[in-house]
Amino acid sequence: MEVQRPRGTRDFLPDEMEKRRQVENILREVAEKWGYGEIKTPTFEHIELFTLKSGEGILDEIYNFKDKGDREIALRPELTAPVIRMYVEGLQRSPKPLKFYYFDNCFRYERPQKGRFREFFQFGIEIIGSARPEADAEVIALAVEMLKSVGIAGDLHVGHLGIARALLKDISSEHQSKIMRFVDKKDDKGLEEFLDEIGSPDEMRGKLFRLIGLHGINAVPEARSLIGDNEAISQFETLLELLEVYELEYQVDLGIARGLDYYTGMVFEIYCEGLGAQNQVCGGGSYRLAQLFGGEDIPSTGYAIGFDRVMEICNVKPAMKKRVVVVSFDDTRREAIVIAKRLREHVHAYVDVMGRKFKDQISYANTIGASHVVIVGRNELDAGKIALKDMSTGEQELVTVEEAAGRLASFNQV
RNA sequence: GCCUGGGUGGGGUAGCUGGUUAUCCUAUGGGACUGUGGAUCCUACGACUCGGGUUCGAAUCCCGACCCGGGCCCCA
């Protein structure tokens with residue numbers, strides 16, 4: 001039996017890698033323009049980093065192992081926790097805000113599906129040090145801008161966990177989490193049953209259902225009339241005003257909970273068509289994790305873009321490669337190598353490594369889509385020249401190596 | 001973890017109401033054409049996902065595993 005790659009992993013061939021690299025570079029450029037700097041964290045971490053953040057329940061979905069020093073290690077399932085760990089470990093006294101971006105692979109032991117792999121790639125950003133709506137708005141705007149830069153326009157949904165939490169403030173945090181979980185799943189029946197179970201008052205129950213049903217432009221005033229004014233609502237209102245300044249189209253959805261306890265304020269998700277069941281390409285929000293990892297409390301906001309899902313739907317086309325094949329004969333192979341070296345200053349140049357005959361070398365040039373062929377023969381060399389053949393027109397002419405280099409360089413720019 | 005459809009050379013396929021040597025296309029290597037490409041021809045390479053069962057006989061029927069697709073659960 002031949003060895004195959006593990007389930008949920010992929011190989012990427014040159015054509016696809018070229019496209020992935022191009023998309024990556026576009027996203028990277030956007031992040032840089034907004035003042036974010038690239039960071040890299042280890043592929044594996046101590047497993048506590050992730051269980052502290054997300055609970056023991058995630059162990060089922062983590063790739064973990066004991067190393068030879070008997071340490072419990074996990075391949076990172078996401079990058080937010082490592083970034084905050086990095087911050088706590090050495091950056092707590094650095095000037096705020098800190099603005100980071102990352103692009104890396106992550107690992108989760110899940111059943112593979114369309115848009116879901118066991119090794120997958122995330123492109124994300126985090127801004128550390130600000131709890132203000134300005135930071136939230138910038139993060140959302142940057143997410144939208146990144147997707148736009150690769151030709152993706154998704155549906156942006158924005159919510160704020162503080163609002164529902166304010167309503168639930170008299171309930172234990174454990175029950176709050178469960179409630180938010182039902183809310184996130186839009187499981188009204190389950191929510192109803194749970195509220196019965198904990199004997200929540202009817203008034204609060206009615207308000208909660210109306211609150212999480214709020215959508216659109218009037219959501220903020222309606223929320224205010226439901227639960228009175230509070231900081232979360234004011235913050236959210238300011239955030240929405242700022243999103244207008246950024247000229248973003250969005251839907252207010254106070255039912256977004258992102259299923260996670262450590263999100264504290266703004267949350268947002270971006271959905272796209274054409275992805276099947278896994279239609280979320282980006283998700284994020286503001287959260288507080290530093291304390292959990294032993295640091296001083298500090299607010300941060302960030303998101304992760306599902307890079308593989310972006311690759312599914314983006315419309316980036318790699319530029320045509322300009323390829324030149326240097327064709328030689330048995331008595332000119334060495335000269336061909338030297339000439340190819342010179343041409344590589346301007347173009348992608350290929351020399352024969354198969355011991356092929358002249359005609360087959362040209363045939364090879366044709367199959368790889370070379371735009372030109374440079375013929376290095378004794379006759380040409382004796383005249384101090386080479387033949388430059390245009391594969392699309394079939395025309396060829398005698399030129400010096402320098403002339404050919406210049407010709408190909410200018411052709412390359414077109 | 002659950003439901004559902006599917007796995008035949010590298011890619012695409014025929015065969016699949018069991019019965020010789022598993023079909024065709026394409027790709028790839030070599031050659032014909034001896035310094036000019038896409039064509040043509042010759043040749044080579046190369047598959048029934050794996051394991052078990054039924055049978056005189058299994059690519060074909062049954063079971064299981066693995067893998068892929070679609071949908072749940074989950075989605076940090």
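Below, read A as the first sequence line, B as the second, and so on, with proteins coming before strands; counting in each chain starts at 1.
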Determine the sole option in [options] for which the side-chain contact (heavy atoms from CB on, under 4.5 Å) test with [X] is passed.
| X | options | value |
| --- | --- | --- |
| F307(A) | N105(A), V281(A), L27(A) | L27(A) |
| V183(A) | L161(A), D188(A), I212(A) | I212(A) |
| S286(A) | L239(A), V139(A), T264(A) | T264(A) |

Measuring from the side chain of [X] (C-beta onward, heavy atoms only), which nucleotide among [options] has the closest atom?
| X | options | result |
| --- | --- | --- |
| E380(A) | A76(B), G71(B), G35(B) | G35(B) |
| I62(A) | U36(B), C68(B), A76(B) | A76(B) |
| E78(A) | C72(B), A76(B), G70(B) | A76(B) |
| Q113(A) | G71(B), G37(B), A76(B) | G71(B) |
| R378(A) | U36(B), A76(B), G35(B) | G35(B) |
| S363(A) | G35(B), G37(B), G31(B) | G37(B) |
| R111(A) | A76(B), G71(B), G38(B) | G71(B) |

Which whole number of Å gives the distance between the [atom1] atom of [N] and that of [M]?
| N | M | atom1 | value |
| --- | --- | --- | --- |
| A14(B) | C25(B) | P | 15 Å |
| C45(B) | C50(B) | C1' | 24 Å |
| G12(B) | C48(B) | C1' | 16 Å |
| C73(B) | C3(B) | C1' | 11 Å |
| U8(B) | U60(B) | P | 13 Å |
| U13(B) | G51(B) | P | 25 Å |
| G70(B) | G46(B) | C1' | 32 Å |
| G30(B) | G69(B) | C1' | 39 Å |

Below 4.0 Å: OP1/OP2 of [N] and any side-chain N or O of [X]:
| X | N | result |
| --- | --- | --- |
| K357(A) | A32(B) | yes |
| R356(A) | G29(B) | yes |
| K389(A) | U36(B) | no |
| R181(A) | C74(B) | no |
| R7(A) | U49(B) | no |

Categorize [X] for me: base, sugar-phosphate, or nothing, with a 4.0 angstrom heavy-atom threshold over every strand shown.
| X | value |
| --- | --- |
| G283(A) | nothing |
| Q396(A) | base |
| Q280(A) | nothing |
| G284(A) | nothing |
| N379(A) | base |

Please figure out whether M354(A) or P112(A) has its closest RNA chain B nucleotide nearer the 5' end.
->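 Here M354(A) is the residue nearer the 5' end.
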Write down the atom of I58(A), the atom of T51(A), and the distance for their closest heavy-atom approach.
->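 I58(A) and T51(A) have their closest heavy atoms at CD1-N, 4.1 Å.
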Taking all non-hydrogen atoms of both residues, which atom of C272(A) and which atom of I313(A) are closest, and how far apart?
->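 Result for this residue pair: CB-CD1, 3.5 Å.
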Give a yes or no on whether a salt bridge exists between R108(A) and E78(A), defined as a side-chain N under 4.0 angstrom from a carboxylate O.
->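 Looking at E78(A) together with R108(A), the answer is no, because their closest N to O distance does not fall below 4.0 Å.
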Could you state the atom-to-atom distance from NZ of K359(A) to P of G35(B) in whole Å?
->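 Result: 10 Å.
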Look through every strand shown and name the nucleotide pairing with G51(B) as Watson-Crick or G-U wobble, where both distances are under 3.5 Å.
->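 Check on G51(B): paired to C63(B), both distances under 3.5 Å.
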Between E138(A), E32(A), E126(A), which is the residue that forms a salt bridge (Lys or Arg N to Asp or Glu O under 4.0 Å) with K99(A)?
->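 Output: one option passes, namely E138(A).
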